[in-house]
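Starting from 1, each residue takes its place in the sequence as its number. First listed ligand is number 1; within each ligand, the first listed atom is number 1.
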Amino acid sequence: MLVLGIETSCDETGVALFDTEQGLLAHALYSQIDMHADYGGVVPELASRDHVRKLLPLCDQVLAAAGRTRRDIEGIAYTAGPGLVGALMVGGAVAHALGLALDVPVLGVHHMEGHLLAPMLEERPPAFPFVALLVSGGHTQLVRVDGIGQYQMLGESVDDAAGEAFDKTAKMLGLDYPGGPRVAALAEKGRAGRYRFPRPMTDRPGLDFSFSGLKTYTLNTVNEASAAGTLDEQTRADIALAFESAVVDTLVIKCRRALEATGCKRLVMAGGVSANKRLRAALEGMAEKLAATVFYARPEFCTDNGAMIAYAGAQRLLAGQRDGNRIVTVPRWPMDTLPPIHQPRST
Ligand code: ATP
Ligand code: FE
Ligand code: MG
């Protein structure tokens with residue numbers, strides 16, 4: 001089944017073609033980051049309008065890249081939520097219009113399920129069951145995954161998401177959005193040991209996270225250095241490293257607990273922050289001691305993209321799930337309410 005995937009939940013227009021027999025055929029992404037930069041954040045109405053401009057040209061671009069035409073499409077998947085409602089509406093409207101015109105089934109997909117399944121697009125995909133660490137701009141969650149749609153929430157952030165903490169820290173250090181990669185690059189020049197930031201909620205049992213206190217700690221450190229006249233490039237790098245180390249350590253501690261609690265030997269990391277090199281290395285080091293394996297997607301499939309939506313949608317379309325004649329947008333949508341697809345279980 002040849003599935004067109006459409007992602008428009010926020011400020012990135014992503015399109016991909018996934019074939020359930022041949023795999024990923026083509027994908028393209030247009031980022032609106034430059035357009036929103038002047039406003040210091042994503043402006044929802046501008047985001048929707050830009051998706052309108054970019055979406056169909058991107059669809060034609062991936063079809064051409066794959067050597068296919070619209071007539072070859074056998075199913076369409078789009079992000080139905082969570083996300084900005086106007087932006088979601090554009091993807092949903094285009095998906096349903098194309099579906100009607102081509103007479104093919106259409107399905108709204110959960111954005112975080114897309115992130116979660118993105119590592120399945122890689123050469124060595126994880127088998128079920130596994131523990132998933134979802135770390136993105138809006139989510140920090142630990143999930144036990146027994147199959148597609150079989151999700152048990154083990155823990156999540158009670159306040160800011162990990163990616164959000166990276167973005168806010170970037171702002172404090174005078175870096176642009178998205179802050180994650182920029183903080184990580186600055187941290188490369190940092191000296192370990194000058195600052196030590198707290199590891200929130202690691203001193204008590206449980207698998208929940210909190211990152212807002214860490215953000216305040218960073219702000220106070222920046223302000224103190226600024227007042228003392230010592231906020232030079234080296235100090236900023238030292239702060240970036242201290243912040244990144246605190247986030248990484250915290251995530252590693254909780255992932256280890258989740259692996260021990262579930263007895264799972266596979267850990268999947270997904271979402272934008274899973275592109276972080278220090279986090280990848282630290283999780284791999286921890287997993288090695290537990291004889292567990294870590295799985296993740298290539299960096300461009302960690303952040304928002306159409307390929308993950310095409311993949312997740314293809315699995316569900318193949319299982320017979322579809323929308324009916326209704327555009328679905330769900331701005332807030334808990335992932336553990338999704339229906340399962342039953343698959344053979346391996347250990
Ligand atoms: P959600 O998926 O929760 O709706 P989102 O779609 O905005 O939110 P993603 O696109 O998955 O989030 O990821 C973007 C986030 O990932 C940003 O917060 C960004 O700073 C962060 N990020 C990207 N690369 C890195 C990196 N190398 N290190 C740390 N953070 C990173
Ligand atoms: Fe995302
Ligand atoms: Mg994004």
Engineer: Is the Lys NZ or Arg CZ of R144 less than 6.0 Å from the centre of Y151's six-membered ring, within 45° of the axis?
Structural biologist: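 No; the conditions do not both hold, so R144 does not lie above the ring face of Y151.
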Engineer: Taking NZ, NE, NH1 and NH2 as the nitrogens, is one of them in K215 or E164 under 4.0 Å from a carboxylate oxygen of the other?
Structural biologist: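 Between E164 and K215 there is no salt bridge, as every charged N stays at least 4.0 Å from the carboxylate O atoms.
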Engineer: Below a 4.0 angstrom heavy-atom separation, can you tell me which part of H115, side chain or backbone, both or neither, approaches ligand 1?
Structural biologist: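 Near ligand 1, H115 shows its side chain, while the N, CA, C and O stay back.
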Engineer: Look at ligand 1 and say whether M112 reaches it with a heavy atom at a distance under 4.0 Å.
Structural biologist: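 Yes.
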Engineer: When you measure from the side chain of D160 to the backbone N and O of F211, does any donor-acceptor pair fall under 3.5 Å?
Structural biologist: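 Between the backbone of F211 and the side chain of D160 there is no qualifying donor-acceptor contact (under 3.5 Å).
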Engineer: Identify the closest protein heavy atom to atom 4 (O) of ligand 1: which residue and atom is it, and at what distance?
Structural biologist: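 Ranking protein heavy atoms by distance from atom 4 (O) of ligand 1, first comes H111 CD2, 3.6 Å.
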Engineer: As a test of reading the structure, name the N/O/S atom of D304 that is nearest the Fe ion (ligand 2).
Structural biologist: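 In D304, the heteroatom (N, O or S) nearest the Fe ion (ligand 2) is OD1.
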Engineer: P181: heavy atom below 4.0 Å from ligand 1, yes or no?
Structural biologist: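 Checking ligand 1 against P181, which is what was asked, there is a heavy-atom contact under 4.0 Å.
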Engineer: From atom 28 (N) of ligand 1, work out which of L84, V135, T303, N276 has a heavy atom at the shortest distance.
Structural biologist: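 It is N276 that holds the nearest heavy atom.
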Engineer: Could you tell me how the ring of F130 sits relative to the ring of F128: parallel (under 30°), tilted (30 to 60°) or perpendicular (over 60°)?
Structural biologist: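 Geometry flag for F128 against F130: parallel rings.
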Engineer: Centroid separation under 6.0 Å, is that true for the rings of H115 and F301?
Structural biologist: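 That pair fails the under 6.0 Å test.
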Engineer: If the threshold is 4.0 Å, N to carboxylate O, is there a salt bridge linking E284 and R280?
Structural biologist: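 No salt bridge links E284 with R280.
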Engineer: Provide the number and element of each atom of ligand 1 under 4.0 Å from a heavy atom of G163.
Structural biologist: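 Ligand 1 atoms under the 4.0 Å threshold to G163: 18 (O).
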Engineer: For the Mg ion (ligand 3), find the closest N/O/S atom belonging to E12 and write down its atom name.
Structural biologist: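 The Mg ion (ligand 3) is closest to the E12 atom OE1, counting only N, O or S.
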Engineer: Nearest protein heavy atom to atom 1 (P) of ligand 1, by residue and atom, and its distance?
Structural biologist: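 Scanning the protein heavy atoms, the shortest distance from atom 1 (P) of ligand 1 goes to S136 OG, 3.4 Å.
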Engineer: Compare D11, V247, D304, D167 and give the one whose heavy atom is closest to atom 17 (C) of ligand 1.
Structural biologist: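 Answer by nearest heavy atom: D167.
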Engineer: What is the nearest protein non-hydrogen atom to atom 31 (C) of ligand 1, stated with its residue, atom name and distance?
Structural biologist: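 That would be G180 CA, 3.5 Å.
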Engineer: Considering only protein heavy atoms, which is closest to atom 15 (C) of ligand 1, and at what distance to one decimal place?
Structural biologist: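 Its nearest protein heavy-atom neighbour is G137 N, 3.7 Å.
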Engineer: With ring-ring contact (aromatic ring centres under 6.0 Å, His included) as the test, would you mind laying out the steps for Y78 and H96 before giving the verdict?
Structural biologist: CA-CA 9 Å; Y78 64 96; H96 273 272; 5.6 Å; yes
Engineer: Quick one: do E233 and R236 make a salt bridge, cutoff under 4.0 Å?
Structural biologist: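 Judged by the 4.0 Å cut-off on N to carboxylate O distance, E233 and R236 do form a salt bridge.
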Engineer: Are F243 and F197 an aromatic pair by the rule of ring centers under 6.0 Å?
Structural biologist: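 No, the ring of F243 stays outside the 6.0 Å limit from the ring of F197, centre to centre.
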Engineer: Report the angle formed at the Fe ion (ligand 2) by atom NE2 of H115 and atom NE2 of H111, rounding to the nearest 10°.
Structural biologist: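 The two atoms subtend 90° at the Fe ion (ligand 2).
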Engineer: Kindly determine whether D323 and R326 satisfy salt bridge (charged side-chain N to carboxylate O under 4.0 Å, His left out), including the steps that lead there.
Structural biologist: CA-CA 6 Å; D323 270 359; R326 196 171 72 89; over 6 Å; no
Engineer: Need the ligand 1 atom indices (1-based, order shown) with element for anything under 4.0 Å from a heavy-atom of G138.
Structural biologist: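 Reading through ligand 1 atom by atom, the close ones are 1 (P), 3 (O), 8 (O).
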Engineer: So which protein heavy atom does atom 23 (C) of ligand 1 come closest to, and at what separation?
Structural biologist: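 So the nearest neighbour among protein heavy atoms is G272 O, 3.4 Å.
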